[in-house]
Peer 1: 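Got a structure for you, written out below as structure tokens; questions coming shortly.
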Amino acid sequence: MIKKYSQRKYAPRLKAFTGRPDCTPFLDVFFLLLIFLVLSMPFVQLSGVEVTLPQVNAGRMRAGLERFIITIANTPEGGIQLYFNDKPLNMDDLAEELSMVRSKSDMKMVIVRADANTSHAAVTEVMAIAAKFGLSTFLATGQAEKSPTASNGIFTAPAE
């Protein structure tokens, strides 16, 4: 008796799946990947006040230092409006806020954001108030210049 290898002694109990596949495991993995992607994105907190920043061409700058932000914006009447961390205030209130920053925080730095059309005198006055309270480091921020080499909008070193 010759044994055929194509015949089995026992018939398989598995049957071919017919019908629509279950999408639940696929959707579970998809949403988990989506959550991981969203949670891993860097979130940079900037002031919510809309200003037009001047164009600058600087070397690489570190992000994530925007803790105390003074924003100087122009008003439609031609004056200026100050904001400290998105809270509108005047020069006297700014001095009080900066004195609290000096006494309660280890970070002795503020970032000054000014509209491109803001007068130099207003920026200088804000910086002088900050210097009066011992806040020694000031960063004037600007928008990166649009260039074909800057692919992701990060400040790049000047081309030589």
Side-chain angles (χ1 to χ4, degrees), residues 21-160:
D22 186 17
C23 292
T24 305
F26 171 74
L27 289 175
D28 289 344
V29 170
F30 175 76
F31 284 120
L32 282 175
L33 289 175
L34 183 66
I35 289 170
F36 289 136
L37 177 71
V38 168
L39 292 178
S40 65
M41 290 176 58
F43 294 103
V44 177
Q45 179 183 4
L46 288 178
S47 173
V49 180
E50 194 68 34
V51 294
T52 305
L53 297 173
Q55 297 291 328
V56 296
N57 191 358
R60 289 221 181 261
M61 301 177 80
R62 285 183 7 185
L65 298 176
E66 298 84 5
R67 185 168 175 187
F68 301 113
I69 302 172
I70 300 171
T71 305
I72 307 170
N74 290 335
T75 61
E77 297 83 35
I80 62 164
Q81 176 63 51
L82 296 176
Y83 297 89
F84 183 74
N85 291 342
D86 294 337
K87 183 172 90 172
L89 37 86
N90 57 27
M91 289 288 185
D92 297 329
D93 295 335
L94 178 65
E96 291 175 20
E97 291 286 338
L98 292 180
S99 69
M100 285 192 290
V101 166
R102 172 76 173 141
S103 63
K104 294 184 180 183
S105 174
D106 294 334
M107 189 172 193
K108 307 297 183 214
M109 180 183 68
V110 294
I111 295 174
V112 178
R113 294 179 71 226
D115 193 272
N117 299 324
T118 302
S119 70
H120 181 66
V123 176
T124 305
E125 186 176 355
V126 168
M127 292 177 76
I129 291 171
K132 183 170 78 171
F133 292 105
L135 301 170
S136 59
T137 305
F138 310 101
L139 299 175
T141 60
Q143 294 176 345
E145 291 180 347
K146 303 271 190 228
S147 68
T149 59
S151 60
N152 56 2
I154 299 175
F155 288 113
T156 56
E160 294 181 20

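These numbers were taken from a predicted model, which means no experiment stands behind them.
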Peer 1: Looking at side-chain heavy atoms only, is the closest gap between Val126 and Val110 below 4.5 Å?
Peer 2: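 Counting from C-beta outward, Val126 and Val110 never come under 4.5 Å.
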Peer 1: Side chains of residues 21-43: which donor-acceptor pairs under 3.5 Å do they make with residues two or more places apart or in other chains?
Peer 2:
from: Asp22; atom 1: OD1; to: Thr24; atom 2: N; distance (Å): 3.4
from: Asp22; atom 1: OD1; to: Thr24; atom 2: OG1; distance (Å): 3.1
from: Ser40; atom 1: OG; to: Phe36; atom 2: O; distance (Å): 3.0
from: Ser40; atom 1: OG; to: Leu37; atom 2: O; distance (Å): 3.0

Peer 1: Rounded at 0.5 Å granularity, tell me how far CG in Asp115 sits from CG in Asn74.
Peer 2: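 Output value for this atom pair is 4.5 Å.
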Peer 1: What is the distance from atom CD of Gln81 to atom CG of Leu89, rounded to the nearest 0.5 Å?
Peer 2: 7.5 Å
Peer 1: Looking only at atom types and distance, does a side-chain atom of Asn85 sit under 3.5 Å from a main-chain N or O of Ile69, one as donor and one as acceptor?
Peer 2: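 Yes.
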Peer 1: Rounded to the nearest 0.5 Å, what separates atom NZ in Lys87 from atom CG in Leu94?
Peer 2: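 It comes to 10.0 Å.
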Peer 1: Would you name the heavy atoms of Val123 and Ala114 that are closest together and state the gap between them?
Peer 2: CG2-CB, 3.7 Å
Peer 1: Can you measure from CG (Leu135) to CD1 (Ile129) and round to the nearest 0.5 angstrom?
Peer 2: 11.5 Å
Peer 1: Calculate, to the nearest 0.5 Å, the distance between atoms CE and CD1 belonging to Met91 and Ile80 respectively.
Peer 2: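 Nearest 0.5 Å value for the CE-CD1 distance: 4.0 Å.
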Peer 1: Is any side-chain heavy atom of Phe84 less than 4.5 Å from a side-chain heavy atom of Asp93?
Peer 2: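 No, their side chains stay 4.5 Å or more apart.
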Peer 1: Look up atom OH in Tyr83 and atom CD1 in Ile72, then write down how far apart they are to the nearest 0.5 Å.
Peer 2: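 If we round to the nearest 0.5 Å, Tyr83:OH and Ile72:CD1 are 12.0 Å apart.
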